[in-house]
Amino acid sequence: MPELPEVETVKNGLNVLLKGRVIDSIKYDTPKSFLCSTEEVEQYLVGAGVIGVKRRAKLLLINLDNGYSLVIHLKMTGQLVYRGTTNFGAGHPSRSLVGQLPDKSTRVIFTFRDHSRLFFNDQRKFGWIKLERTSSLAERVYKKFGPEPLARDFTLADFKKRLLLRPHSGIKAVLLDQSIVSGIGNIYSDESLWVAKIHPLTKVDRLNDLKLSRLYKGIRVVLNEAIDQGGSTDRNYVDALGRKGGYLNFARVFRREGQSCPRCGSKIIKLKVASRGTHICARCQKLVA
DNA sequence: CACTTGACCTGTCCGC
DNA sequence: TGCGGACAGGTCAAGT
């Protein structure tokens with residue numbers, strides 16, 4: 001489930017791997033996965049060179065040298081895997097989740113002038129790729145998301161102000177709302193709430209300064225740890241070279257129902273909150289009415 | 001109006 | 001073994 005750390009990891013990989021490469025051709029099957037017309041492909045994509053790759057919220061932005069950008073959302077099962085001309089086989093088997101490409105989940109194939117390729121795989125077809133003018137990204141793409149939680153200028157005061165836009169909602173639902181703070185999904189909301197010792201159903205206006213401060217710090221610590229681990233691989237996620245992420249080996253509560261809380265030893269339980277599987281320590285994370 | 005739930009998909013796992 | 005159903009969760013539309 002690509003969230004901020006996974007998309008950041010893919011972005012870092014692609015930025016190095018794709019920079020300077022020129023698109024030669026594009027193959028795609030489902031129109032739903034690739035929202036560009038054949039005219040757009042011919043006019044704006046074939047012959048375009050990659051300047052760099054960026055991330056905003058959970059979106060990847062591939063900036064091209066002709067004033068256009070590819071905007072990509074991986075949703076739950078999307079993968080972007082690069083294969084150079086010398087590594088057509090899979091990577092090291094223990095870390096790799098993808099073998100020979102294309103495979104049955106491949107939706108789009110970008111071939112570059114040097115014959116290297118970028119594969120967009122997506123088992124569930126929820127992800128998409130579209131084309132935007134780079135100059136309209138700020139207005140059309142950036143604007144609808146809340147601030148980046150890891151931005152240097154994102155302060156505790158900013159965090160409180162954003163959360164208080166939804167004072168009567170449960171905190172987990174608010175953390176998952178991309179217009180409040182961007183990039184947090186199911187895994188890292190559970191992990192951050194455990195760090196901050198907050199029950200996911202706690203209403204925002206019931207959070208005191210101590211809890212808000214712990215949550216603010218917790219989110220930043222957890223997201224940075226996850227980036228260091230190359231993200232979380234639950235089922236499908238891989239980085240730009242097809243490698244799994246390692247964060248779930250270090251997760252405190254996510255997917256650990258029945259195991260012991262690493263802080264107090266009490267059992268981790270699973271609930272449904274905001275219609276998402278939710279993992280908490282019932283002793284550390286008490287609900288404040 | 002504020003907030004919650006269902007649809008979009010496919011592969012996997014569980015119980016019968 | 002095979003089959004039906006639940007489940008996985010990011011986002012948006014529809015519902016309460």
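Throughout, a chain's letter reflects where its sequence line sits, starting with A, and its residues are numbered from 1. Here the structure is a predicted model, which means the values were calculated and not measured.
- Judged by distance alone, with hydrogens and angles left aside, the side-chain atoms of A:E40 form a donor-acceptor pair with the main-chain N or O of A:S37 at under 3.5 Å.
- Distance CD1 (A:I187) to P (C:dA8): 13 Å, rounded to an integer number of Å.
- Straight-line distance between the C1' atoms of B:dG11 and C:dC12: roughly 24 Å, to the nearest whole Å.
- Distance A:I129 CD1 to C:dG10 P: 19 Å, rounded to the nearest Å.
- Using a cut-off of 4.0 Å between Lys/Arg side-chain N and Asp/Glu carboxylate O, A:D190 and A:K172 are scored as salt-bridged.
- Comparing atom distances between the A:P167 side chain and each of C:dA8, B:dC3, C:dG10 picks out B:dC3 as nearest.
- In this structure, a donor-acceptor pair under 3.5 Å is absent between the side chains of A:T85 and A:S116.
- In this structure, of C:dT11, B:dC9, C:dA8, it is C:dT11 that holds the atom nearest to the side chain of A:H73.
- Under the stacking criterion of a centre-to-centre distance below 5.5 angstrom and an interplanar angle below 30°, A:F126 sits stacked against the six-membered ring of B:dC8.
- Comparing atom distances between the A:S275 side chain and each of B:dT5, C:dG9, C:dT11 picks out B:dT5 as nearest.
- Atom P of nucleotide B:dC3 and atom NZ of A:K172 are separated by 18 Å, given to the nearest angstrom.
- Side-chain contact between A:E6 and A:S232 is present, with at least one heavy-atom pair separated by less than 4.5 Å.
- Cation-pi check for A:K197 over A:W194 is not met; the charged atom does not lie both under 6.0 angstrom from the ring centroid and within 45 degrees of its normal.
- Looking at A:R83 and A:F119, their side chains come closer than 4.5 Å, going by heavy atoms from C-beta outward.
- Between A:R252 and A:E225 there is a salt bridge, with a side-chain nitrogen of the basic residue lying less than 4.0 Å from a carboxylate oxygen of the acidic one.
- A distance of about 24 Å separates the P atoms of B:dT12 and C:dT11, rounded to the whole Å.
- In this structure, the side chains of A:V81 and A:L241 stay at 4.5 Å or more apart for every pair of heavy atoms.
- Counting only N and O atoms by type, the side chains of A:R133 and A:Y68 include a donor and acceptor under 3.5 Å apart.
- What you find for A:P2 and A:K75 is that their closest heavy atoms are CD-O, 3.0 Å.
- Nucleotide B:dC9 holds its P atom 12 Å from the CG atom of A:D122, rounded to whole Å.
- Between A:V50 and A:N63 the shortest side-chain heavy-atom distance does not fall below 4.5 Å.
- Here B:dC9 is the nucleotide among C:dT11, B:dC3, B:dC9 with the atom lying nearest to any side-chain atom of A:K32.
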Would you list the protein and nucleotides 10-12 of chain B atom pairs, both N or O, that sit under 3.5 Å from each other?
{"from": "B:dT10", "atom 1": "OP1", "to": "A:K125", "atom 2": "NZ", "distance (Å)": "2.8"}
{"from": "B:dG11", "atom 1": "O4'", "to": "A:Q123", "atom 2": "OE1", "distance (Å)": "3.3"}

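- The side chain of A:S169 lies closest to B:dC3, out of C:dG9, C:dG10, B:dC3.
- The separation between A:L165 atom CG and B:dC1 atom P is 16 Å, rounded to whole Å.
- Straight-line distance from the OH atom of A:Y188 to the C1' atom of C:dG10: 14 Å, rounded to whole Å.
- Centroid-to-centroid, the aromatic rings of A:F120 and A:F34 stay 6.0 Å apart or farther.
- Set against C:dA8, C:dT11, C:dG9, the side chain of A:K272 has C:dA8 as its closest nucleotide.
- The side-chain heavy atoms of A:E3 and A:V7, taken from C-beta on, include no pair separated by under 4.5 Å.
- Comparing B:dC9 with C:dA14, their P atoms sit 15 Å apart, to the nearest whole Å.
- One atom, CG of A:L74, and another, C1' of B:dC9, lie 16 Å apart when rounded to the nearest Å.
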Problem - For DNA chain C, the dot-bracket pattern of Watson-Crick and G-U pairs whose distances stay under 3.5 Å, | for other-strand partners - result: .|||||||.|||||||
Scan nucleotides 12-16 of chain C against the protein and return all N/O pairs shorter than 3.5 Å with their distances rounded to 0.1 Å.
{"from": "C:dC12", "atom 1": "OP1", "to": "A:K144", "atom 2": "NZ", "distance (Å)": "3.1"}

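- As rounded to whole Å, 12 Å separates atom P of C:dG10 from atom CG of A:L175.
- The residue A:G277 sits close only to the backbone: its heavy atoms come under 4.0 Å of sugar-phosphate atoms, none of a base.
- Between A:K75 and the phosphate of C:dG9, there is no side-chain N or O to OP1/OP2 separation shorter than 4.0 Å.
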